[in-house]
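So the structure is just underneath, and the comments pick up after that.
The analysis underlying the following values was restricted to heavy atoms, covering all of them including side chains, and did not include hydrogens, waters or symmetry mates. In what follows, residues are counted from 1 in the order of the sequence shown. Note that ligands are numbered from 1 as they come in the structure, with each ligand's atoms numbered from 1 the same way.
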Amino acid sequence: MRLVIVSNRLPFTVQEKEGKIEFEQSSGGLVTGISAYLDHLKTLNTMEYVWIGWSGGSVKERHYDEVRKRAFSEYNSYPIFISERSMENFYYGFCNKTIWPLFHCFPTYAVYDEDFWDYYKKVNEIFCKSIIEILREDDILWIHDYHLMLLPKLIREIYTDLPIGFFLHIPFPPFEIYHLLPKKWRTEILECILMANLVGFHTNDYAQNFLRCVLRLLGLGHDLGNISFSNRTVKVDAFPMGIYYRKFFETANSAKVQKEKENIKKIFKSAKIVLSVDRLDYTKGIINRLQGFELFLEKNPQWHGKIVLLLIVVPSRTGVESYQRMKNKIDELVGKINGKFGSIEWLPIYYQYKHLSYENLVSLYAASGIALVTPLRDGMNLIAKEYIATRTDKTGVLILSEMAGAVKELAEAIIVNPNHKEEIAQALKEALEMSVEEQKMRNDIMQKRLSNYDVVHWADDFINELMKLKEQRINFARKLLSSSEKIRIIKEFKNTNSKLILLDYDGTLVSFKDHPEKASPDENIIKILRILSETKGTDVVLISGRDRNTLQNWFGDINISLVAEHGFWIKEKGGDWQLIKPLTADWKPKLLSFLKLYTDRLPGSFIEEKEFSLAWHYRKADPELSSIRVKELMDDLISLTANIDVQILQGNKVIEIRSLGINKGTAAAYFISKNKYD
Ligand code: F6P
């Protein structure tokens with residue numbers, strides 16, 4: 001078994017500098033998490049793996065071979081080369097100007113451009129083509145993130161039984177925001193993701209948002225996160241991504257980092273260090289954070305000269321204008337705050353715009369008494385978790401935004417609303433005044449939690465669940481007739497003198513439609529029924545819940561028997577319609593007026609009135625409101641019909657009320673007992 005990881009970003013980004021190829025380390029949560037897990041797999045040597053993704057930067061064709069070789073030998077990776085133009089529209093365009101702002105609930109930043117969408121589809125297809133060249137039948141495929149949401153379907157079209165997992169590393173937005181995407185895009189994205197076997201999110205809130213969008217936009221409900229779609233079951237669940245806890249803890253304890261930590265402390269002359277590290281992104285709330293820090297300095301002059309904000313901003317997506325605008329704003333605000341409060345001896349903010357090596361980062365964590373992590377919206381945020389893991393003596397205070405996915409596991413941090421600068425200023429004060437015992441008590445709880453559910457646990461959990469679903473699928477798979485079985489049935493059919501064929505109609509001979517009238521039989525069905533009816537020694541019975549007039553119109557001139565209204569009416573071959581037994585429907589007027597009330601309360605629902613039954617259809621109604629109304633109606637019907645001889649049935653988007661004692665089974669038994677069939 002081999003694990004095939006696919007993501008847009010690989011652990012390296014290839015750059016061409018002065019005609020030479022350079023491999024630089026990529027940044028971001030996805031790369032950090034997956035790299036850590038794959039490093040772990042490498043040490044275990046139990047599962048083979050490969051990582052497929054975009055090469056990063058633009059690479060000239062003459063360097064392809066060199067990049068491929070290095071990528072494979074050093075990273076077990078297969079790079080995909082994508083033209084600058086495609087990346088402009090796909091990555092900088094659809095991914096980062098449409099999906100990223102929308103999914104992070106910044107709808108005003110979102111751009112809806114048809115070309116971007118076309119390139120998004122095109123690049124997903126390029127990924128698919130490259131993957132199938134590498135994929136083997138017994139692989140497990142794990143697709144990551146918002147860049148590749150169409151991929152599960154593209155791969156599924158070729159590999160029908162491959163275990164495919166999809167994990168989204170950013171938030172999934174509430175329905176009201178997701179709904180802003182053009183109709184075609186929003187349904188296609190959902191339908192493509194649902195072709196995976198397992199769909200994972202960082203938090204249960206995101207999973208619930210996704211399930212609600214699936215219900216509202218595709219009309220598909222779920223059962224404990226399981227959705228039936230396209231003849232398969234897809235599971236949707238939350239898997240909060242962890243960090244490589246042990247590695248961070250051990251690195252922080254290493255002599256090198258300890259030395260570096262002391263150096264940093266010396267540089268800042270024992271001032272309390274507040275650390276802020278992020279990729280440059282408007283979702284990270286860097287401006288709000290600076291405003292919070294400014295307010296803190298305004299309100300707390302006693303801390304001037306005794307505190308420093310270490311602001312590290314990691315360059316990213318420099319091709320997107322909103323990112324450049326934000327960088328300018330940060331530069332200005334840092335200058336303003338330093339000018340307003342600083343002096344020759346003390347600079348309140350120490351600002352760096354650069355990439356950090358792993359050890360540099362850990363040294364900064366270790367040297368900082370406070371970590372200020374206040375994104376406006378963040379799928380998870382691993383910085384918060386990494387900071388806690390490096391607190392080897394258990395001191396230190398984490399200030400964390402309630403908008404980060406990580407807050408669900410780090411409830412002992414000081415939690416703030418990042419939109420409110422007063423809360424940030426107040427949290428800084430509280431952190432500075434927090435006793436060492438209190439710090440240790442809080443960090444101890446968080447460390448235990450993070451070390452238990454680390455990145456290995458996260459990935460193992462996801463993969464094990466995916467494998468479990470594969471087994472279940474094998475066990476519950478619909479048994480299709482093999483060609484030898486088909487041949488045997490045909491042979492026996494031909495050799496038998498007296499045969500009875502019992503057929504259902506809706507959902508069997510025709511698929512369900514918005515309105516029952518639209519589900520009329522096509523020429524082909526009529527032709528097959530005619531052939532069967534003329535086949536020697538063969539009786540055909542069509543048993544339906546439809547009213548007798550409809551059946552008469554559609555099939556009246558074919559020599560078969562018909563059963564209408566689930567068994568109340570029977571028309572034997574060549575005969576007339578007859579009631580199976582004397583019946584009354586005096587209950588109908590009362591229940592009909594009651595159903596009308598519900599029809600008014602659920603737009604899109606309608607009543608189908610038959611002689612001995614009433615059917616209330618809601619296929620076209622709002623799915624969320626339907627599920628509420630259906631529960632209410634069932635409840636009311638049960639008490640209303642307690643003393644009436646009727647039966648209430650819940651079918652596929654329909655509730656049916658009919659007289660008691662007769663059903664399709666009774667009708668079938670009637671025909672079976674009539675003749676001696678072989
Ligand atoms: O999940 C979002 C993500 O892929 C993270 O891994 C990371 O924080 C960020 O986006 C990286 O963005 P990019 O690949 O655009 O540099």
Atom 16 (O) of ligand 1 [closest protein heavy-atom partner, distance rounded to 0.1 Å]: R9 NH2, 3.1 Å
Between N452 and Y245: side-chain donor-acceptor atoms closer than 3.5 Å: no
Over all atoms of both residues, closest heavy-atom pair of Y323 and S316: CD2-O, 3.8 Å
Proximity to ligand 1 by part of W100, non-hydrogen separation under 4.0 Å: side chain
Distance under 6.0 Å and angle within 45° of ring axis: K97 vs F116: no
Nearest-neighbour protein heavy atom for atom 15 (O) of ligand 1, which is reported as residue plus atom name and distance: Y91 OH, 2.3 Å
Side-chain H-bond candidate by donor/acceptor type, R136 with Y159, under 3.5 Å: no
Between S254 and T251: side-chain donor-acceptor atoms closer than 3.5 Å: no
Of the listed options T283, I383, L30, D145, closest to atom 2 (C) of ligand 1 (non-hydrogen atoms): D145
Atoms of ligand 1, numbered as shown, that sit under 4.0 Å from any heavy atom of I170: 1 (O), 2 (C)
Within-shell test, G29 vs ligand 1, heavy atom, strictly < 4.0 Å: yes
D205 versus T203, side-chain donor and acceptor atoms under 3.5 Å: no
N/O separation below 3.5 Å, R317 to ligand 1: yes
